[in-house]
Amino acid sequence: MNTTTSARPAHDIHDISLADQGRLRTEWAGQRMPVLERIRERFEQERPLEGKRVAACLHVTTETANLMVTLKAAGAEVLLCASNPLSTQDDVAAHLVRDHGIGVFAVRGETDDVYYEHIRDALAFRPDISMDDGADLVGSLHMIALERWDDLAGPVRDWVMELDADERQTLVDGVVGSTEETTTGVIRLKAMEKDDVLRFPVIAVNDSLTKHLFDNRYGTGQSTLDGIIRATNVLIAGSTVVVAGYGWCGRGFAMRARGMGANVIVTEVDPLKALEAVMDGYRVMTMEEAAPIGDIFCTLTGNLHVLREEHFRAMKDGAIVCNSGHFNVEIDLESLLRISEGNPTEVRNSVEEYRIDGSGVYLIGQGRLVNLAAAEGHPAAVMDMSFANQCLGAEFLVQNISSLERRVYTVPDAIDREIARLKLESMGSNVDILTEEQERYLASWDQGT
Ligand code: ADE
């Protein structure tokens, strides 16, 4: 990708001098994102987002950098803030600011307050379109619209309170639509739609087949193990890995852990998913039963307090716990701290030891997404499809804005399939084409057996 030096926009990043490294790493990722590259080339010609202000709240990674550059090529004015305080790659942030003139508000390890200052900065950009990974921007906009001041994070509330009623109204009404990257965000948005409070159409990127079947399964599968291994360097072969949640992320992680020789246990609340796990050959049991057996525990449920006090107390000395779900609520961190003797000790980068009843329990990445806190997130080749969906979802939103309702939409099936086709083509694989006879046969109900 050619980099262009642009005027420096407002930003808040760690260190601009990291930009060279960020550029090299972003280019490396870009070489593995051929679908996004094809879209970028078309966008440069057609400029489908001309004049639109896009505020993105995403993990600040090399893959996201390639997305931002693509949105800019489409004619959008873009701003990026972090969707997690621990996932930001500071060199990437520096590269986007210095070489692409993109305003980035993200510092790895930022406090919760700074995290929300950055959300505030994204809102103050007054976007036409917001792009979320976990619904933080959309959530804040709706809290403002509903005047639920107490539900706003401090920095956002302080800023909003200084706006007059008209300014608040234009802020909320200015957003014509949004896209959402992840399962957790989509669940929230669907709840908003059900409660009839959604104020604009949202494209649920996560619901595309070319997103969740690949990113959630193969991306999470690989990057979660990558995070665990980078943080701990433990041997997976022969260990007992407890996977909480058998959605697409859990399925991917279980599959890859087994592939490396782990004995995998799955815990579930949904009998269908649990049955699937049994038939996939895993042991399925309750967390209470798994707690004393597991060597490594990973939560991928989207729910809260999946690992709790009674589980920590039952764990073996040396047990490793981590989370690969969107929010850091799946492990009950308050209980973990409360029942541990003294404060945790950092025993390796990203690994803290909690002493409980004489045993050590080791938490990776403060219970935040282990694949981004302790590794680099999903590989570029899989983010290629996720971010192709983001781009085409945003284009679809703009093209259809007058007919879309205040609902959660999926990316149209034809676009989803086109992304799959382009990805396959880039990988050198072709698919067969139905013969006319086959088409007729599939369309009929009265042709012979
Ligand atoms: N979510 C998971 N992996 C990611 C990555 N590499 N970039 C952006 N978002 C991600």
Side-chain angles (χ1 to χ4, degrees), residues 22 25-33 35-36 54-71 78 80-93 95-96 102 104-106 108 130-137 179-186 204-208 210-228 230 247-250 252-253 256 298-300 302 322-328 330 364-365 368-391 393-394:
R25 292 202 320 110
T26 297
E27 283 172 6
W28 175 268
Q31 285 156 12
R32 285 150 189 80
M33 303 180 87
V35 179
L36 196 63
V54 179
C57 178
L58 301 171
H59 299 293
V60 181
T61 64
T62 53
E63 293 74 26
T64 302
N66 281 286
L67 167 65
M68 299 313 288
V69 173
T70 306
L71 296 171
V78 294
L80 175 63
C81 70
S83 60
N84 184 302
L86 269 192
S87 62
T88 297
Q89 298 170 6
D90 290 319
D91 55 341
V92 171
H95 162 57
L96 284 174
I102 293 175
V104 181
F105 294 82
R108 188 181 187 86
S130 70
M131 208 167 254
D132 264 315
D133 186 327
D136 275 349
L137 287 180
T179 64
E180 170 55 54
E181 171 79 7
T182 200
T183 319
T184 301
V186 170
V205 165
N206 186 71
D207 289 358
S208 294
T210 48
K211 200 283 184 179
H212 67 261
L213 289 183
F214 300 89
D215 169 315
N216 301 24
R217 185 166 36 166
Y218 303 110
T220 307
Q222 178 168 323
S223 62
T224 302
L225 268 164
D226 185 14
I228 294 170
R230 285 197 209 194
W248 289 110
C249 294
F253 175 60
R256 292 296 179 247
C298 184
T299 53
L300 311 97
C322 63
N323 164 51
S324 208
H326 181 77
F327 286 118
N328 61 338
E330 305 209 11
I364 310 180
R368 296 197 185 272
L369 280 160
V370 64
N371 58 340
L372 283 140
E376 294 170 66
H378 302 348
V382 85
M383 294 311 292
D384 190 23
M385 288 188 280
S386 311
F387 287 164
N389 276 287
Q390 281 286 2
C391 289

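As the structure lists them, so they are numbered: ligands from 1, and atoms in each ligand from 1. Sequence positions, counted from 1, serve as the residue numbers for this chain. Only heavy atoms go into these numbers, but all of them, side chains included; no hydrogens, no water, no symmetry mates.
- In this view, Gln222 satisfies the side-chain hydrogen bond (donor to acceptor under 3.5 Å, both in side chains) rule with no residue, not counting sequence neighbours.
- Remark: Asp90 engages no residue in a salt bridge (Lys or Arg N to Asp or Glu O under 4.0 Å) (not counting sequence neighbours).
- Taking 4.0 Å as the cut-off between side-chain N and carboxylate O, Asp91 and Arg25 count as a salt-bridged pair.
- Residue pairs satisfying the salt bridge (charged side-chain N to carboxylate O under 4.0 Å, His left out) criterion with at least one member in residues 56-68, sequence neighbours excluded, are absent.
- Contact annotation: the side chain of Met131 never approaches that of Val78 to less than 4.5 Å [non-hydrogen atoms, C-beta and beyond].
- Using a heavy-atom distance under 4.0 Å as the criterion, the protein contacts of ligand 1 are His59, Thr61, Glu63, Thr64, Leu372, Glu376, Gly377, His378, Met383, Phe387.
- In this structure, Arg230 pairs ionically with Glu376, as a charged nitrogen and a carboxylate oxygen lie closer than 4.0 Å.
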